[in-house]
Engineer: 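Following this message is one structure expressed as structure tokens.
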Amino acid sequence: MARFALLGTRGIPANYGGFETFAEELSQRLVSRGHHVTVYCRRRHPEHQFRGVDLVYLPTIRHKYFDTMVHTAISTIHVALHRYDAILYCNAANAIFTILPRALGMPVALNVDGLERNRKKWNSLARTWYLISEWLSTKLPTRIVTDAAEIERYYRERYGAESDFIPYGAETEPLATQDALQQLNLLPRQYFLYVSRMEPENNGLLVRETFEKVATEMRLALIGDAPYAAEYIARVRDTKDLRIVIPGAIYGQGYKELQSHCFAYIHATEVGGTHPALIEAMGRGALTLYLDTPENSEVAGDAGIPFEQNTLASALERVLAMEEAEREDYRAKARRRVEERYSWEAVTTAYERLLLNL
């Protein structure tokens with residue numbers, strides 16, 4: 001049995017985004033394989049364990065620019081007082097903190113995520129810090145992990161740094177239950193689905209405004225929320241179109257049900273590496289439309305329908321006009337692609353091998 005720690009996320013159970021889902025799925029699978037795993041959390045769970053994973057709750061400063069780094073700094077101090085066989089940090093912005101456990105003889109892997117400095121929510125100082133952190137990521141941790149081939153290529157070409165490419169994982173079976181649909185007054189195969197943090201580079205506003213121009217009786221469910229983005233979220237919500245429902249964030253069973261029964265899933269993110277929601281929707285067998293970026297294309301391939309920001313309307317009209325047999329073919333290809341490339345068990349095996357080697 002090895003002792004592993006995971007830092008840099010909001011913690012588990014997952015109730016925010018991709019890194020949290022990653023932490024939950026990976027940690028519980030490592031525990032099932034006989035390892036002792038500790039996940040550092042910002043929000044308290046009623047129990048000190050979740051599915052066999054030890055949870056450590058530490059404070060932070062609830063602020064757009066300090067939340068992640070303050071919590072990771074405090075967590076790193078806690079890690080320094082304990083002994084782990086290997087540590088996994090998430091988010092390149094946390095690269096600076098990996099120096100302490102390494103100095104104490106504990107090996108560290110860092111999942112750098114995507115190119116966070118390109119997100120519109122950051123000011124120039126934050127973007128500069130992310131750029132510095134990219135470089136630090138190639139110097140301070142024992143190994144770096146990239147979850148998209150495009151990000152792997154970026155670190156190799158810009159910094160001459162090799163990384164362990166380990167993709168994100170997803171489940172591959174649709175759910176039969178429909179409780180979330182009933183709560184939102186949605187019918188199976190009668191709604192488009194968009195799921196993401198409601199931040200500008202994820203283009204929720206673009207999706208809403210484009211859908212309003214499309215003549216269809218289908219509905220649109222815009223699912224997501226974000227801290228520190230109240231102004232943008234208010235713009236997304238500013239609609240009088242009764243076809244559109246915007247309930248906020250939905251996690252767990254409800255999230256999976258919405259993916260399983262949508263007519264089509266719209267993925268419009270333009271920044272980052274591998275986006276969990278895209279893989280998860282494909283794994284549930286959703287007919288997938290995706291913004292044509294290298295990272296999104298890497299995941300979806302020919303199992304999805306690409307669009308540019310100015311061609312989303314025509315992509316929506318295209319899938320509405322398709323024969324059902326063609327739509328089902330896309331859904332089947334999406335499931336197969338995830339089964340072949342993004343199995344959680346395969347992802348866990350890759351991380352287990354990496355951490356044990358460290």
Side-chain angles (χ1 to χ4, degrees), residues 17-18 113-123 127 130 147-151 153-154 168 191-216 218-226 228-241 243-246 249 258-259 262-282 286-322 327 330 334:
D113 199 16
L115 303 182
E116 285 287 314
R117 59 188 170 85
N118 292 335
R119 293 193 183 276
K120 298 173 184 176
K121 66 181 179 179
W122 302 124
N123 61 21
R127 291 192 183 101
Y130 266 109
D147 65 8
E150 279 296 315
I151 304 301
R153 179 188 60 77
Y154 170 84
Y168 194 84
Y191 63 95
F192 286 91
L193 177 66
Y194 165 95
V195 179
S196 188
R197 287 203 299 270
M198 289 294 179
E199 296 173 340
E201 65 275 3
N202 295 337
N203 289 308
L205 182 60
L206 169 72
V207 173
R208 192 266 288 170
E209 291 179 337
T210 302
F211 180 82
E212 289 173 334
K213 301 172 185 176
V214 176
T216 177
M218 290 280 179
R219 302 193 69 188
L220 170 65
L222 290 164
I223 309 300
D225 203 346
Y228 322 120
E231 181 180 349
Y232 182 76
I233 294 172
R235 292 175 63 198
V236 175
R237 289 181 173 276
D238 186 19
T239 180
K240 295 182 175 59
D241 193 325
R243 299 173 300 168
I244 300 174
V245 57
I246 312 175
L258 289 168
Q259 291 177 321
C262 66
F263 171 78
Y265 171 74
I266 305 169
H267 188 77
T269 59
E270 57 183 283
V271 177
T274 298
H275 291 278
L278 174 58
I279 301 177
E280 290 161 351
M282 291 174 59
L287 169 59
T288 300
L289 295 79
Y290 65 93
L291 184 63
D292 194 7
T293 68
E295 294 85 356
N296 294 340
S297 179
E298 175 189 326
V299 171
D302 65 354
I305 297 169
F307 64 87
E308 306 289 343
Q309 291 194 17
N310 61 353
T311 64
L312 175 56
S314 61
L316 297 178
E317 291 164 353
R318 175 185 170 187
V319 297
L320 287 166
M322 274 183 184
R327 290 194 286 256
Y330 271 108

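Any value given below was found using the heavy atoms of this structure, including those in side chains, with hydrogens, waters and symmetry copies removed.
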Engineer: In Å and rounded to the nearest 0.5 Å, what is the CG to CD1 distance from Leu220 to Ile266?
Structural biologist: 5.5 Å

Engineer: At their closest point, which heavy atom of Ala281 faces which heavy atom of Gln259, and how far apart are they?
Structural biologist: N-NE2, 3.4 Å

Engineer: Can you tell me how far apart CG (Leu316) and CD1 (Ile305) are? Round to the nearest 0.5 Å.
Structural biologist: 10.0 Å

Engineer: Once rounded to the nearest 0.5 Å, what's the spacing between atom NE2 of His275 and atom CG of Asn296?
Structural biologist: 5.0 Å

Engineer: Main chain of Asp147, side chain of Tyr168: is a donor-acceptor contact present, judged purely on distance under 3.5 Å?
Structural biologist: no

Engineer: Answer yes or no: is there a side-chain heavy-atom contact under 4.5 Å between Phe192 and Leu320?
Structural biologist: yes

Engineer: Around atom CZ of Arg235, are there more than 12 heavy atoms from other residues, nucleotides or ligands closer than 6.0 Å?
Structural biologist: no

Engineer: Applying salt bridge (charged side-chain N to carboxylate O under 4.0 Å, His left out) to Lys213 and Glu209, what does each step give before you reach the verdict?
Structural biologist: CA-CA 7 Å; Lys213 301 172 185 176; Glu209 291 179 337; over 6 Å; no

Engineer: Can you see which heavy atom on Leu258 is nearest to which on Tyr191, and at what distance?
Structural biologist: O-OH, 2.7 Å

Engineer: Could you tell me whether the side chain of Glu150 and the main chain of Glu298 form a donor-acceptor pair under 3.5 Å?
Structural biologist: no

Engineer: Taking C-beta and beyond as the side chain, do Arg208 and Asp238 meet within less than 4.5 Å on heavy atoms?
Structural biologist: yes

Engineer: Which heavy atom of Leu193 sits nearest to which heavy atom of Cys262, and what is that distance?
Structural biologist: CB-CB, 3.8 Å

Engineer: Just so I know, are the side chains of Glu295 and Ile151 near enough to count as touching, which here means a heavy-atom distance under 4.5 Å?
Structural biologist: yes

Engineer: Under a 3.5 Å distance rule, please check whether Arg243 uses its side chain to pair with a backbone N or O of Thr216 as donor and acceptor.
Structural biologist: yes

Engineer: Treating Arg237 as the side-chain partner and Ile246 as the backbone partner, does any N or O pair qualify as donor plus acceptor under 3.5 Å?
Structural biologist: yes

Engineer: Mind checking the OH-CG spacing from Tyr194 to Leu289? Nearest 0.5 Å is all I need.
Structural biologist: 14.0 Å

Engineer: Rounded to the nearest 0.5 Å, what separation is found between the CG atom of Leu291 and the CZ atom of Phe307?
Structural biologist: 5.0 Å

Engineer: Flag the pair Leu278 / Thr269 as yes when at least one side-chain heavy-atom distance between them is below 4.5 Å, and no otherwise.
Structural biologist: no

Engineer: What pair of heavy atoms forms the shortest contact from Leu287 to Tyr330, and how long is it?
Structural biologist: CD1-CB, 3.5 Å

Engineer: What pair of heavy atoms forms the shortest contact from Val207 to Leu312, and how long is it?
Structural biologist: CA-CD2, 4.0 Å

Engineer: Could you grab the distance from atom CZ of Phe211 to atom CG of Leu222, nearest 0.5 Å is fine?
Structural biologist: 9.0 Å

Engineer: If only atom types and distance count, is the side chain of Asp225 paired as donor or acceptor with the main-chain N or O of Ala249 below 3.5 Å?
Structural biologist: no

Engineer: Any sub-3.5 Å donor-acceptor pair from Arg219's side-chain atoms to Val245's backbone N or O?
Structural biologist: no

Engineer: Of all the heavy-atom pairs spanning Gly304 and Tyr290, show the shortest one and how long it is.
Structural biologist: C-CE2, 3.6 Å

